[in-house]
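Data first, discussion second: the structure below is written as structure tokens.
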Number of protein chains: 2
Amino acid sequence: MTDSPTKPMTAEDVALDLERAIHEHRLIPGSKLGEDEIGEVYGVSRTVVRAALQALAHRRLVELKRNRGAFVAQPTVREAREVFEARALLEPRTARSAAVRMTDEDIVALQAHIDAEHAALHAGDNGRALYLSGQFHIEVARIADQSTIEAFITELIARSSLIIALYWQRRAALCESNAHHALMTAFAARDGDRAEELMKSHLLDLVSSLDLSSKASQPQSLREALKASG
Amino acid sequence: MTDSPTKPMTAEDVALDLERAIHEHRLIPGSKLGEDEIGEVYGVSRTVVRAALQALAHRRLVELKRNRGAFVAQPTVREAREVFEARALLEPRTARSAAVRMTDEDIVALQAHIDAEHAALHAGDNGRALYLSGQFHIEVARIADQSTIEAFITELIARSSLIIALYWQRRAALCESNAHHALMTAFAARDGDRAEELMKSHLLDLVSSLDLSSKASQPQSLREALKASG
DNA sequence: TGCAACAAGATCGTATACAATCTCGTGTAC
DNA sequence: GTACACGAGATTGTATACGATCTTGTTGCA
């Protein structure tokens, strides 16, 4: 069972797996992503690993340093602010559209999503809970039926996961679930105005739960902490 | 002068060159982008060409068909609407921020941009005029000092160029320059409200200058025109 | 004559090999 | 003892080779 004859993975498969690992905080910002190492894990050559890393780099999830290798990205305080400003521009309006277009099936699916989120939280699997929490926002964008904006939001969600890993100050553990639940009531009522307003304040709450005080714990990666002070 | 000893280009160089060619309509939607052919043109191997094509594919500028090759993307009517809806969400607010942050140097640079746009138009170089017209929007985003949103807008501008190539219905030739000039007056006055409103209506004008009547000239690529009717 | 199966050519997908660059330990000079 | 320089090892950047898949022209059969 150690080296079973699995069929080879494609570059997209590797990228998706790495992305989820990052999203679930099994890979923390600053982690080195060696090409040989990853290739050995997934049983593919460096060619496909490189394609996967380039795809993730384009979405700002990993940083490619020439002749140095790939590392899980470490968003700066500035980038963190930018990501949430972009979300503030995109998501409230998208939530409004979603509320209007929402079908009964969509509501069932969304509620199931929230339930899974709660279950993961109760099981102590914070990584998965965080992942599902992000997927909720992506689901909303999908329901809004705007695939271009959905792609942007998907990228912003993934980057938000990195930001949370770096700047989260543990206050209340599950403030998010409440916000998502409140959004559900607006969706169920097809109340676009309320959905937009709730999403807006939800994002503001998220930002205020971060410590973006400039001198926050940014480095995270070995010697670069010292190199940066020079 | 045919095969001079130029230094090898990197994948990013190739991607930038291809992107500009697409932006200036020297490569039209649906064009086949063979790996060997491009590699020979730029004097690099398929490895770097593939990296460039993958980068462009991630930005929806080219479409990658498995075992078929890369083609300049052909946005559908639906995608065209989505792109301009995303721009409507991002650009007006960005123009407002830009107006507030605008420095005198920024204004000079923007004005030079518009002048170059006019010059290209007078010289009959419509491709370059279109390219500069897009760069104006990107410049505004840069001045707003929001690099994340700037990246999104940059992608949307590039896709807009493809959309214009497919769906533009020739009415007035230079309605854009006027809109950009009007924006400049708002910028010069640091009038955020007016900049936001002008950008909003500018984007609406752009959409209304397109023919997105569903049965518009979409196919453009040989047999797929017939295959789609089956 | 029309259709289908087959084969040759071309193009892409992946793996591997080699070159370039960086890291880091070691040695030597001051 | 410290600082600089050199070199071995490791890792990435690029090119090339080979296999898989698709296109397309040809041939044989109904």
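Here the structure is a predicted model, which means the values were calculated and not measured. Just so we're on the same page: letters track the sequence lines, and every chain starts at 1.
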ask   = Parallel, tilted or perpendicular for Phe136(A) and His180(A), by the 30°/60° rule?
value =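 It falls in the parallel class, under 30°.
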request  = Map Ala70(A) and Thr47(A) onto DNA chain D by nearest heavy atom, then report which one ends up closer to the 5' terminus.
outcome  =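 Mapping each residue to its closest nucleotide by heavy atoms, the 5'-most match is Ala70(A).
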Separation of [N] [atom2] from [X] [atom1] (nearest whole Å):
X: Lys65(B); N: dG13(C); atom1: NZ; atom2: P; answer: 13 Å
X: Leu64(A); N: dG13(D); atom1: CG; atom2: P; answer: 7 Å
X: Asn67(A); N: dT11(D); atom1: CG; atom2: C1'; answer: 9 Å
X: Glu63(B); N: dC12(C); atom1: CD; atom2: P; answer: 15 Å
X: Glu37(A); N: dA10(D); atom1: CD; atom2: C1'; answer: 13 Å
X: Phe71(A); N: dT11(D); atom1: CZ; atom2: C1'; answer: 10 Å
X: Met9(A); N: dG13(C); atom1: CE; atom2: C1'; answer: 16 Å
X: Asp36(B); N: dG13(C); atom1: CG; atom2: P; answer: 12 Å

Side chain of [X] - closest among [options]:
X: Val44(B); options: dA15(C), dA15(D), dT11(D); answer: dA15(D)
X: Val48(B); options: dG13(D), dA15(D), dG13(C); answer: dA15(D)
X: Lys32(B); options: dT14(C), dT11(C), dT21(C); answer: dT11(C)

message = Does any part of the side chain of Arg78(B), heavy atoms only, come nearer than 4.5 Å to the side chain of Asp145(A), both counted from C-beta?
response =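 Yes, side chains in contact.
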query = For Thr76(B), does its backbone N or O pair with a side-chain atom of Glu79(B) as donor and acceptor, under 3.5 Å?
reply =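 Looks like yes, one N/O pair under 3.5 Å.
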inquiry  = Please give me every residue in residues 49-61 of chain B whose heavy atoms get under 4.0 Å of an atom in DNA chain C, ordered by residue number.
reply    =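 Result for residues 49-61 of chain B: Arg50(B), sorted by number.
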Please report, to 0.1 Å, the donor-acceptor pairs under 3.5 Å made by any side chain of residues 47-58 of chain B, with sequence neighbours excluded.
unit_1: Thr47(B); atom_1: OG1; unit_2: Ser45(B); atom_2: OG; d: 3.4
unit_1: Arg50(B); atom_1: NH1; unit_2: Glu35(B); atom_2: OE2; d: 2.7
unit_1: His58(B); atom_1: ND1; unit_2: His58(A); atom_2: ND1; d: 3.1

task = Give, for atom CD of Gln169(A) and atom OG of Ser213(A), the distance between the pair rounded to the nearest 0.5 Å.
result =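 Taking CD in Gln169(A) and OG in Ser213(A), the distance rounds to 8.0 Å.
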query = Roughly how far, to the nearest 0.5 Å, is the CD atom of Gln146(A) from the CD atom of Glu85(B)?
reply =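 Spacing of CD (Glu85(B)) from CD (Gln146(A)) equals 4.0 Å.
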key: Contact under 4.0 Å: Arg68(A) side-chain N or O vs dT11(D) OP1/OP2   =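 Answer no for this pair, as no side-chain N or O of Arg68(A) is under 4.0 Å from OP1 or OP2.
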message = Both Arg66(A) and Gly43(A) contact DNA chain C. Taking the nearest nucleotide for each, which residue is further toward the 5' end?
response =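 The residue closer to the strand's 5' end, by nearest nucleotide, is Gly43(A).
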inquiry  = Does this structure show an ion pair linking Glu19(B) with Arg59(B), if we count only N-O contacts that are shorter than 4.0 Å?
reply    =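 Looking at Glu19(B) and Arg59(B), the cut-off is met.
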inquiry  = Mind checking if Arg46(A) touches a base, just sugar-phosphate, or nothing, with heavy atoms under 4.0 Å?
reply    =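 Result for Arg46(A) = base.
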